[in-house]
Asks: 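Take a look at the following structure, please.
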Amino acid sequence: QGSGVHVSSSTTWIDDILWEDGQLTLMSGSEGMVMVEWDKKNGTPTVTGLADGCQITCNSRGYSIELKFKSQDIVIINKL
């Protein structure tokens, strides 16, 4: 609540998700896509740990981050 970060859609289940100290850690359950909305108050996002694909789009509220998973995987999103 109040973090300015949320999952807006997902085509896979999420095994675990944690928001701590400005960092989002997300573990996907299987192949699929997860869309994360990231408020600009959190700074510019950077994604690590995802080899299958990521697209970051800037909009008026902040950033939309599309994460593509081919299997169960862990991704970490921080601010720059």
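Position 1 is the first residue of the sequence; numbering continues from there. Quantities reported herein were computed from a predicted structural model and do not represent experimental measurements.
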Asks: Establish, from distance only, whether the side-chain atoms of Q72 and S28 form a donor-acceptor pair under 3.5 Å.
Replies: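 The criterion, which ignores hydrogens and geometry beyond distance, is not satisfied for S28 and Q72.
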
Asks: Give the cluster check for L26 versus M33: same hydrophobic cluster or not, with ILVMFWY residues linked at side-chain heavy-atom distances below 4.5 Å.
Replies: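 No, it is not one cluster - the side chains of L26 and M33 are not joined through contacts under 4.5 Å.
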
Asks: Nearest 0.5 Å, please: how far is CG in N78 from OG1 in T46?
Replies: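 Here the rounded value is 6.5 Å.
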
Asks: Taking everything shown except K79 itself, do over 12 heavy atoms lie less than 6.0 Å from its NZ?
Replies: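 At most 12 heavy atoms, drawn from other residues, nucleotides or ligands, come within 6.0 Å of this atom.
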
Asks: When you look at E31 and S71, which way does the side-chain contact (heavy atoms from CB on, under 4.5 Å) test go after all the steps?
Replies: CA-CA 4 Å; E31 181 177 349; S71 62; 6.0 Å; no

Asks: Considering the options V36, V47, L18, which one meets the side-chain contact (heavy atoms from CB on, under 4.5 Å) requirement together with L24?
Replies: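 Among V36, V47, L18, the one that satisfies the side-chain contact (heavy atoms from CB on, under 4.5 Å) with L24 is V36.
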
Asks: Using every non-hydrogen atom in the two residues, find where N59 and S64 come nearest and quote the distance to one decimal.
Replies: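 Heavy atoms only, the tightest pair is ND2-OG, 3.2 Å.
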
Asks: Nearest 0.5 Å, please: how far is OG in S3 from CD in E20?
Replies: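 Going from the CD atom of E20 to the OG atom of S3 covers 12.5 Å.
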
Asks: Under the side-chain hydrogen bond (donor to acceptor under 3.5 Å, both in side chains) test against S30, which residue among D73, D15, T12 passes?
Replies: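 Between S30 and the candidates, side-chain hydrogen bond (donor to acceptor under 3.5 Å, both in side chains) is satisfied uniquely by T12.
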
Asks: Among the clusters formed by ILVMFWY side chains lying less than 4.5 Å apart, do I77 and I14 turn up in the same one?
Replies: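 Result: yes, single cluster for both.
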
Asks: Does T11 reach the main-chain N or O of G32 with its side chain, forming a donor-acceptor pair under 3.5 Å?
Replies: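 Not confirmed, T11 side chain does not pair with G32 backbone.
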
Asks: Hey, what do you get for CD (Q23) to CG (N42), rounding to the nearest 0.5 Å?
Replies: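 CG of N42 is found 12.0 Å from CD of Q23.
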
Asks: Roughly how far, to the nearest 0.5 Å, is the CG atom of D16 from the CD1 atom of I74?
Replies: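 Going from CD1 on I74 over to CG on D16, the span is 8.0 Å.
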
Asks: Find out if a path of hydrophobic residues (ILVMFWY) with successive side-chain heavy-atom gaps under 4.5 Å connects L67 to M27.
Replies: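 Result: no, two separate clusters.
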
Asks: For the atom pair CE (M35) and OG (S9), what is the distance rounded to the nearest 0.5 Å?
Replies: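 Taking CE in M35 and OG in S9, the distance rounds to 5.5 Å.
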
Asks: Can any side-chain N or O of K40 pair as donor or acceptor with the backbone N or O of Y63 at less than 3.5 Å?
Replies: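 It does not hold such a pair.
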
Asks: V7 and W38: same hydrophobic cluster, using ILVMFWY side-chain contacts below 4.5 Å?
Replies: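 Yes, V7 and W38 fall within the same hydrophobic cluster.
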
Asks: Should W19 and I65 be regarded as members of a common hydrophobic cluster, given that ILVMFWY residues are connected when their side-chain heavy atoms come within less than 4.5 Å of each other, either directly or indirectly?
Replies: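 Same cluster.
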
